[in-house]
There are 2 protein chains.
Amino acid sequence: MARDDEQMTIGALGQATGVGAETIRYYERIELLPQPARTAGGYRIYRPEHVRRLNFIRRSRELGLSIEDVRELLSLARDRLRPCARVDRLVRDHIHDLDHKIDDLQKLRAALQRLADSCRGGGRVSECRILEALQEAEETLAEPAVPCAEEECVERRAGDKARARRERPA
Amino acid sequence: MARDDEQMTIGALGQATGVGAETIRYYERIELLPQPARTAGGYRIYRPEHVRRLNFIRRSRELGLSIEDVRELLSLARDRLRPCARVDRLVRDHIHDLDHKIDDLQKLRAALQRLADSCRGGGRVSECRILEALQEAEETLAEPAVPCAEEECVERRAGDKARARRERPA
DNA sequence: CTGAAGCCTGCAGTCACTACAGGGTCAAGC
DNA sequence: GCTTGACCCTGTAGTGACTGCAGGCTTCAG
């Protein structure tokens, strides 16, 4: 039935899809990939359908979809008669998220640029405008032309912060 | 010496800076904030200099600087005679990182938009172009006009992926 | 039959918090 | 002095999505 040259170990599946073996095992653990057959010695054996599914996962992740989004897409894809509005919705929502994120990063960038512009790097730390700005009152870092009530600003900043946190570790 | 009304508990420090008490304790644990004095009963007592330092940290974090960046800034700020070129450099590097990140997100957005445009949400899952595109070959998602050798793309995608991962949880 | 490459499981670490459980402390009011 | 309730303490575990490692087992070519 099954031709031997269609079967592959976890390393070969990784090669075929660009996903590391550790990650494949992780996907199996969280039940994003089904448990594959095993050799007598316990090695996982994969088949072409695993390659397809893993590629689907990888591409979705590359587009920034979360594991839970991918899980939903895979589940939606199984029921071939279901209307695909939900698939469409998921992708559009994600685009919307991205727009927000891009906007936030651009605001952040502008604030940093203002900070950097206040310093030419020639002086001493004691008179460094960057450090002063970080130490001093809020206005120094606020956007110049946007009027905004105190509490709203604090709230928005908290949001920025939560998002900013994820940006850095990359 | 110390006036009583300048002292505060962790909750008051949190109020004064907009940083949660749990986070303040976390900052102390990782030695970003110095260990404060304690009451006989073990309560932390903070003073105005803690408010200043914590505000510095919060503002830096809001600008997307990592904890390690903040640590370096704080350390640089202590030596007031040192030239501030390094401070300047750190901020400019971060702006550079942000530019990359914004660029990546914009590419991601464009790819998702192409995907979404291929589907109007009216059909069935079985003929959904989004799911097909995710299942099929690389070209479907690639940017139309950018020629790029296979391996380079894979490498770049791996980078995008690493970055994309952090974007989602927000 | 041997040796190297590859695979196995399970667990710890990443980043920057956040959220608890199960207790102790403090200040105000009675 | 006592009670109440808000606040604080420590320690630990969880988040997302992996990544890395130790210590051992399997496979297959030579």
Side-chain angles (χ1 to χ4, degrees), chain A residues 4-5 7-33 35-46 54 57-58 60-71 97 158-170, chain B residues 4-5 7-33 35-46 54 57-58 60-71 97 158-170:
Chain A
D4 285 22
D5 61 351
Q7 303 196 2
M8 55 210 313
T9 63
I10 197 167
L13 178 62
Q15 286 287 106
T17 58
V19 176
E22 317 265 18
T23 303
I24 295 171
R25 281 192 281 260
Y26 168 71
Y27 285 163
E28 182 183 327
R29 203 162 60 246
I30 65 171
E31 294 177 283
L32 199 58
L33 280 177
Q35 296 199 344
R38 301 274 187 147
T39 66
Y43 278 30
R44 291 168 177 83
I45 14 184
Y46 295 99
L54 188 51
I57 296 169
R58 178 179 55 74
S60 303
R61 292 287 304 125
E62 282 166 10
L63 288 169
L65 298 170
S66 72
I67 292 281
E68 289 316 306
D69 287 341
V70 179
R71 205 190 288 284
D97 284 359
D160 287 355
K161 188 166 124 196
R163 259 167 259 121
R165 262 168 218 148
R166 323 297 167 159
E167 315 302 337
R168 279 255 74 202
Chain B
D4 285 17
D5 62 352
Q7 303 197 1
M8 54 212 310
T9 62
I10 197 168
L13 177 62
Q15 286 288 106
T17 58
V19 176
E22 317 263 19
T23 304
I24 296 171
R25 282 191 282 259
Y26 168 72
Y27 286 163
E28 181 183 327
R29 203 162 61 246
I30 64 171
E31 293 177 286
L32 199 59
L33 281 177
Q35 296 199 344
R38 300 274 188 148
T39 65
Y43 279 30
R44 288 167 178 83
I45 15 184
Y46 294 100
L54 188 50
I57 296 170
R58 178 179 54 75
S60 304
R61 292 287 302 125
E62 281 167 9
L63 288 169
L65 298 171
S66 73
I67 293 280
E68 288 317 305
D69 286 341
V70 179
R71 205 189 289 283
D97 284 359
D160 287 355
K161 189 166 119 193
R163 260 169 257 118
R165 263 167 217 150
R166 322 298 166 159
E167 315 301 339
R168 277 255 75 200

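Computed from heavy atoms alone, side chains included, the values below leave out hydrogens, waters and symmetry copies. Chain naming here is simple, since letters A, B, ... match the order of the sequence lines and numbering starts at 1 in each. What you see is a predicted model; the values in this text were computed from it and never measured.
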Starting at [atom1] of [X], measure out to [atom2] of [Y] and round the result to the nearest 0.5 Å.
{"X": "A:Arg29", "Y": "A:Leu32", "atom1": "CZ", "atom2": "CG", "answer": "12.0 Å"}
{"X": "A:Thr23", "Y": "A:Leu54", "atom1": "OG1", "atom2": "CG", "answer": "9.0 Å"}
{"X": "A:Arg25", "Y": "A:Ile30", "atom1": "CZ", "atom2": "CD1", "answer": "14.5 Å"}
{"X": "A:Ile10", "Y": "A:Glu28", "atom1": "CD1", "atom2": "CD", "answer": "7.0 Å"}
{"X": "A:Met8", "Y": "A:Ile45", "atom1": "CE", "atom2": "CD1", "answer": "12.0 Å"}

Q. With a 3.5 Å cut-off and just heavy-atom distances, do the side chain of A:Glu22 and the base of C:dC7 make a donor-acceptor pair?
A. no
Does the side chain of [X] get closer than 4.0 angstrom to OP1 or OP2 of [N] through an N or O atom?
{"X": "A:Arg29", "N": "C:dT9", "answer": "no"}
{"X": "A:Thr9", "N": "C:dC7", "answer": "yes"}
{"X": "A:Arg44", "N": "C:dC8", "answer": "yes"}
{"X": "A:Tyr27", "N": "D:dA17", "answer": "no"}
{"X": "A:Thr23", "N": "D:dT19", "answer": "yes"}

Q.
Is any side-chain heavy atom of A:Tyr27 closer than 4.5 Å to one of A:Ile67?
A. yes
Can you check the [X] [atom1] to [N] [atom2] distance for me, whole Å?
{"X": "B:Met8", "N": "C:dC26", "atom1": "CE", "atom2": "P", "result": "18 Å"}
{"X": "A:Glu28", "N": "C:dG10", "atom1": "CD", "atom2": "P", "result": "12 Å"}
{"X": "A:Leu63", "N": "D:dA17", "atom1": "CG", "atom2": "P", "result": "15 Å"}
{"X": "A:Glu68", "N": "D:dT15", "atom1": "CD", "atom2": "P", "result": "11 Å"}
{"X": "B:Ile45", "N": "D:dC8", "atom1": "CD1", "atom2": "C1'", "result": "13 Å"}
{"X": "A:Leu54", "N": "D:dC18", "atom1": "CG", "atom2": "C1'", "result": "14 Å"}
{"X": "B:Tyr26", "N": "D:dT10", "atom1": "OH", "atom2": "P", "result": "17 Å"}
{"X": "B:Ile24", "N": "D:dC8", "atom1": "CD1", "atom2": "C1'", "result": "12 Å"}

**Q.** Between the first and last five pairs of the helix from C:dC1-D:dG30 to C:dC30-D:dG1, the angle of the axes, rounded to 10 degrees
**A.** 20°
Q: Show your working on side-chain contact (heavy atoms from CB on, under 4.5 Å) between A:Tyr46 and A:Ile24 and close with a plain yes or no.
A: CA-CA 11 Å; A:Tyr46 295 99; A:Ile24 295 171; 3.5 Å; yes
Q. If you check every side-chain atom of B:Arg25, which of D:dT19, D:dC8, C:dT18 has the closest atom?
A. D:dC8
For a quick test of your reading: what N or O donor-acceptor pairs under 3.5 Å do the side chains of residues 13-20 of chain B make, sequence neighbours left out?
{"unit_1": "B:Thr17", "atom_1": "OG1", "unit_2": "B:Leu13", "atom_2": "O", "d": "2.8"}
{"unit_1": "B:Thr17", "atom_1": "OG1", "unit_2": "B:Val19", "atom_2": "N", "d": "3.4"}

Q: Using a 4.0 Å cut-off on protein heavy atoms (strictly under), produce a 5'-to-3' string for nucleotides 24-30 of chain D with B for base contact, S for backbone-only sugar-phosphate contact, and - for none.
A: --BS---
Q | Nearest non-hydrogen partners of A:Glu31 and A:Arg71, listed with the distance | A | O-NH1, 3.4 Å
Q: Please test B:Ile57 against B:Ser60 for side-chain contact (heavy atoms from CB on, under 4.5 Å), starting from the C-alpha separation and ending with a verdict.
A: CA-CA 5 Å; B:Ile57 296 170; B:Ser60 304; 5.8 Å; no
